[in-house]
Amino acid sequence: MALATNLGYPRIGVQRGLKKALEAFWAGKTSSNDLLETARAIRKANWLLQKEAGIAHIPSNDFSFYDHVLDTACVVGAIPKRFGQVSGSVDLQTYSTMARGSQSVTAMEMTKWFDTNYHYIVPELAVNQDFWLASRKPVEEYLEAKALGVETRPVILGPVSFLLLAKSQDADFNRLTLLDRLLPVYEELLAELVKAGAEWVQMDEPCLVLDLDAAALSAYKKAYAMLGGISPKLKILLTTYFGNLDKNMDAVLKLPVAGLHLDLVRAPEQLAKAVSKAPAKMVLSLGVIDGRNIWRADLAGALALVEPAVKKLGQDRVLIGPSCSFLHSPIDLEAETKLDREMKSWLAFAKQKLGEIAAVARAASKGRRAVAAALEDCRKAMRAKKTSPRIVNPAVRKRLAKATKTMAKRKSPYAKRIKLQNKHLGLPHFPTTTIGSLPQTPEVRANRASYKAGRIDRAAYENFIKEETKRAVLWQEEIGVDVLVHGEFERNDMVEYFGEQLKGFAFTENGWVQSYGSRCVKPPIIYGDVSRPDPMTVRWSRYAQSLSSRPVKGMLTGPVTILQWSFVRNDQPRSTTCRQVALAIRDEVVDLEAAGIKVIQIDEPALREGLPLRKKDRKSYLKWGVEAFRFSSCGVKDETQIHTHMCYCEFGDIPEAIAALDADVISMEASRSKMELLDSFRKFRYPNGIGPGVYDIHSPRVPSKEEMESLLMKALDVFNKEQLWVNPDCGLKTRRWEEVRPSVAAMVAAAKSLRKKINSHAGAAV
Ligand code: GLN
Ligand code: ZN
């Protein structure tokens, strides 16, 4: 039999039960026992559901209270000293503090998990790091499932990926040198799992899909030579996902593991090589059902991949599974009551995807006939989707086909534009601005909720927003900000707000996916050709501009970010979908200009995040991504100033692409890292206007004028005084007015003080 397998199931629970339980616990409203109880119920429901669905290899230890990388750090005893001397397993309070920080200790760092929108906690390691088996969570959860009558395959983040994903305060030290210290802990853990009765363990080594050097590959060799030999009773399934093993394939096939999992959604082309070169007894786990998207699988397409492999290897050497853990997929399509039947017939969430895995496994074992009805149903739905008028919009396609290169170019080069803009806008040196959003107070949220629930009518809601906007504009004027924002009070979310007004987007009620800890996101679904039936922001922008003689920025989300933070259709290249969004944004930009808006900001915080994992794929992504931004921004006159914004990513490695956006001004997050960003701009001379953030908007702290001024002085080492803008790291919507008012005032004072200094300096030099 080709067995059905799963790599991980969403742990947030239906209706986000874990989120609610965690937040109640953090707020001191419930006890740790209550939280443990909720967690146990979620695990139980998940295991039984998978058993019911016919999954033979069911994962355990895929549950986490916050993050599985943090869990792994806790298992191997890598608990940074500032969280106290911990003996035994970390209690829930300490665990929460590691993840979230407290008044007295800073949290561990958080960063994006490969190219997903899930964030993991970055383990902190020291040169002389000690490891020890500090928690037996994987064993406990294995036994917990067993007691429920469910045999599971414990999931463990592998030792090499664990080290590669960690960071160290100690400069210039190679984390892989810690492998010798770490492996005995893994050995001990695996031995305990064997003792508990586990037949298989799943060792996740997603770093195997990255460009690896010889040192990393030899670390893999050493690690699995050791772990593979622990017990003849234990089978290791080495799991890779999010890409192609590529050049690492040969080395991986030589590792002494019982099985290897491949992501065949992202990289189907790697299967043939794996099948032909896999050693005699190795089991291949074929990830054919997409764990990262919401589309119903093409069962026949999956089988076309699977069948030749089964033929060559034999059924017993094949597992059928998802491309990666369902951590990245919403839970249950059945919970959607507002999507129509047609739309639903195109979709599958985690629960439905389990059924798809089981169907493919069944067909792989018993032949396609065994699942004839499912195949037929799938074929019908796919054919209907292909020709549905909701998917294809001929006008959009025609326009895209006609789009020319000149549409992705401003009329004049920056040097000429900036002169016209300076005349048009009359700004001082070091102009001040903010990134867009202002505090979304409980009152703002309550009003929106009331409006959505029908408790207040549209006029009442809009009046409220108008008042908020007016107050915000007048306040900015009063404290002397140069380029104002309207505050984004009318927006819930920077992608959803646009998606709701664009054609080709659908929204779920419960399609939540964990982003980090208790935070979940509900990405829109881009299912069809994208168009903009009506202006989206012009009315609010025009109103805000009418309140002031200073420029008020038009505020839009860029095409790459809209793409990156949505579930994107898989029936055409992402680049095509991105271009469609770009043209819709372009129309909005042009309409804003016509409405008298002189400065328009198009946010692209997710540009860096979409960067492919492999270096060889990056150039083409950046090319279409940059071009999409330019399509959206280049329809305006030279006088109109285009801004963009980026944050919370390591953009240090793509300065050329950032310059190629050719925005007149870019604002970037920089203060948290104390202007580390400047280093990359020392090497690469950025030509246009730039505002490296001078205050950290994630902290309630009010920064002083002096510290912001000194950050600006630092920036003047790298940028010239004509280039430099003054702004915070990011939008202020999560902050309170009590913090924002003094912070922005101090920021304006810092800019004024700097103007004085520089100008008197210039005077003295003459
Ligand atoms: N304009 C947006 C805001 O200020 C940008 C948010 C972001 O960069 N994530 O909220
Ligand atoms: Zn930002």
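Order of listing sets the numbers, starting from 1, for every ligand and every atom in it.
For Ser437, the side-chain contact (heavy atoms from CB on, under 4.5 Å) criterion is met by Glu488, Lys733, not counting sequence neighbours. The side-chain contact (heavy atoms from CB on, under 4.5 Å) check on Lys167 picks up Glu109, Val122, Glu124, Gln169, with sequence neighbours excluded.
With a 6.0 Å cutoff to the six-membered ring centre and a 45° limit on the axis angle, Lys522 does not count as a cation-pi contact of Phe507. Remark: Arg100 fails to qualify as a cation-pi partner of Tyr66 under the 6.0 Å distance and 45° angle criteria applied to the six-membered ring.
Counting atoms of ligand 1 from 1 in the listed order, those under 4.0 Å from a heavy atom of Glu488 are 1 (N), 2 (C), 3 (C), 4 (O), 10 (O). Which parts of ligand 1 touch Cys647 is read off a 4.0 Å heavy-atom cut-off, strictly below it: atoms 8 (O).
What sits closest to atom 10 (O) of ligand 1 on the protein, heavy atoms only, is Ser437 OG, 2.7 Å. When hydrogens are left out, the protein atom nearest atom 6 (C) of ligand 1 is Met494 SD, 3.5 Å; that is the closest non-hydrogen contact. With respect to atom 5 (C) of ligand 1, the closest heavy atom belonging to the protein is Asp603 OD2, 3.4 Å.
Residues Phe681 and Pro655 form a side-chain contact, since some pair of their non-hydrogen atoms from C-beta on lies under 4.5 Å apart.
Under the 3.5 Å distance criterion, with hydrogens and angles disregarded, no donor-acceptor pair is assigned to the side chains of Gln421 and Glu639.
For the Zn ion (ligand 2), the tally of protein N/O/S atoms lying closer than 2.8 Å stands at 3.
Aromatic pair Phe242/His328: ring centres closer than 6.0 Å.
If you look at Met646 next to ligand 1, there are no close heavy atoms at all, none under 4.0 Å.
Among residues at least two apart or in separate chains, ring-ring contact (aromatic ring centres under 6.0 Å, His included) pairs with a member in residues 725-752 are Trp475-Trp737, His643-Trp725.
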